[in-house]
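Here the structure comes first, spelled out in structure tokens, and everything after it is commentary.
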Amino acid sequence: MATTGHRGGAGASAARMGEAARAAERTAQHRRARVLLPFLAAAAAVAGWAVGTVGNWQLGLVAALAVAGLGLRRLYRRAHNSWSVGAAGEARTARLLAPLVRRGHAVVLHDRAIPGSRANLDHLVLTAAGAIYVDTKNWISDKSRLTVQGGALRYGRYDQSRALQTVVWEAGQAARALGIPVRPVVAVHGAKVPAPRGRLELQGVTVVEAKRLRGLLRSLPPQPGWDAARRDAVGRLADQKLPPAS
């Protein structure tokens, strides 16, 4: 029978955290604005008066509005929100995995809670090759690139060894909950993986460019017994043991 299942909303928990962070940021901005707006109004008025005295009132008005606009833009400038960036990356990975589900090649569960932990699994993929945990990294900075130095993966100047160890631990928790081996994979959006075919093995983790993720999954050797019925059965077990992250 055909395998079905595209379960859970990819990036849902990260999106909620991003929304909460944005709401907290907006509250703080409103608080600062109540203090700073009188000074901004005064600065705009002074700028308008100064320009108006050497030009005309229209130029003064433009100057005052420009100062006010720049000040408001600075007050309400959005900070970098890593939760929202992460959620966007997870949604992109989900779209890349969707064809495997439609063609009956995989069961995919998104955004699953790890029991007894605040951590969550981005994507649990069940294929003929067994169970694979896919963690999404949305490394999209124009100023940073992935490198391997001394056997360690670095993104820009930051060592990612701990991040890879976390992925191994998360895969291990999924394996423990389901009673089966789970292979850890990191799918990278944005940055190029410095290896042939955009894929490398480090610290027990397969790191692959996200655009090559489907190719990686298709290339893994089938495991005995992992037919459509087994994938569906493990998917149902995962629904019970690894509930959607809240």
Side-chain angles (χ1 to χ4, degrees), residues 6-18 82-98 100-101 106-115 117-127 129-141 144 146 148 152-156 158-178 180-195 198-217 219-220 235 238 241-245:
H6 209 311
R7 307 171 189 177
S13 59
R16 286 192 293 272
M17 294 297 292
S82 59
W83 288 108
S84 295
V85 171
E90 290 178 40
R92 291 176 66 191
T93 299
R95 290 194 292 271
L96 290 171
L97 293 170
L100 298 178
V101 176
V107 170
V108 181
L109 295 90
H110 301 293
D111 202 17
R112 295 289 155 153
I114 296 176
S117 167
R118 296 179 64 184
N120 70 293
L121 304 168
D122 290 351
H123 321 274
L124 182 65
V125 184
L126 309 173
T127 74
I132 300 101
Y133 167 50
V134 178
D135 182 80
T136 290
K137 299 300 183 189
N138 208 17
W139 286 332
I140 56 177
S141 171
S144 302
L146 276 180
V148 178
L153 184 69
R154 302 182 72 86
Y155 178 52
Y158 297 102
D159 189 334
Q160 298 300 318
S161 295
R162 180 167 292 183
L164 295 185
Q165 291 166 6
T166 298
V167 172
V168 171
W169 178 83
E170 290 169 341
Q173 294 303 301
R176 181 179 177 184
L178 300 176
I180 56 174
V182 177
R183 176 174 179 155
V185 171
V186 167
V188 178
H189 292 279
K192 291 185 177 181
V193 174
R199 179 197 309 180
L200 56 80
E201 303 287 336
L202 278 176
Q203 298 178 229
V205 180
T206 302
V207 181
V208 63
E209 292 173 3
K211 64 184 179 182
R212 301 176 184 266
L213 177 60
R214 283 203 306 268
L216 167 67
L217 296 176
S219 72
L220 298 177
K241 299 291 187 178
L242 302 167

Point to revise | H123 and H110 aromatic ring geometry - parallel, tilted or perpendicular at 30°/60° bounds | key: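 The rings of H110 and H123 stand perpendicular, inter-plane angle above 60°.
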**Study point:** Side chain proximity check, V108 to L100, heavy atoms < 4.5 angstrom
**Key:**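 Of all side-chain heavy-atom pairs linking L100 with V108, none is under 4.5 Å.
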Check your understanding: Do P243 and R112 touch side chain to side chain, with heavy atoms closer than 4.5 Å?
Key ->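 No; the side chains remain at least 4.5 Å from each other.
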Taking atom [atom1] of [X] and atom [atom2] of [Y], what is their separation to the nearest 0.5 Å?
X	Y	atom1	atom2	result
L97	L217	CG	CG	6.5 Å
L126	L178	CG	CG	8.0 Å
I114	L121	CD1	CG	4.0 Å
K137	L153	NZ	CG	10.0 Å
L213	L96	CG	CG	6.5 Å

Expected list for residues 199-210: side-chain donor-acceptor pairs under 3.5 angstrom, two or more places apart:
from, atom 1, to, atom 2, distance (Å)
E201, OE1, T206, OG1, 2.9
E201, OE2, T206, OG1, 2.8
Q203, OE1, S161, OG, 3.2
Q203, NE2, S161, O, 3.4
T206, OG1, R183, NH2, 3.0
E209, OE1, R212, NE, 3.1
E209, OE2, V193, N, 3.0

Exercise for review: Please list, chain by chain and in numerical order, all residues satisfying side chain to side chain contact (heavy atoms under 4.5 Å, CB included) with A177, sequence neighbours excluded.
Suggested key: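 So A177 forms a side chain to side chain contact (heavy atoms under 4.5 Å, CB included) with K241, L242.
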Less than 3.5 Å apart, which donor and acceptor atoms pair up between the side chains of residues 162-172 and the rest of the protein, not counting sequence neighbours?
from, atom 1, to, atom 2, distance (Å)
T166, OG1, R162, O, 3.0
E170, OE1, Y133, OH, 2.7

Practice item. Heavy atoms only: give me the nearest P181-A131 pair and the separation to one decimal. Key: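 Heavy atoms only, the tightest pair is O-CB, 3.7 Å.
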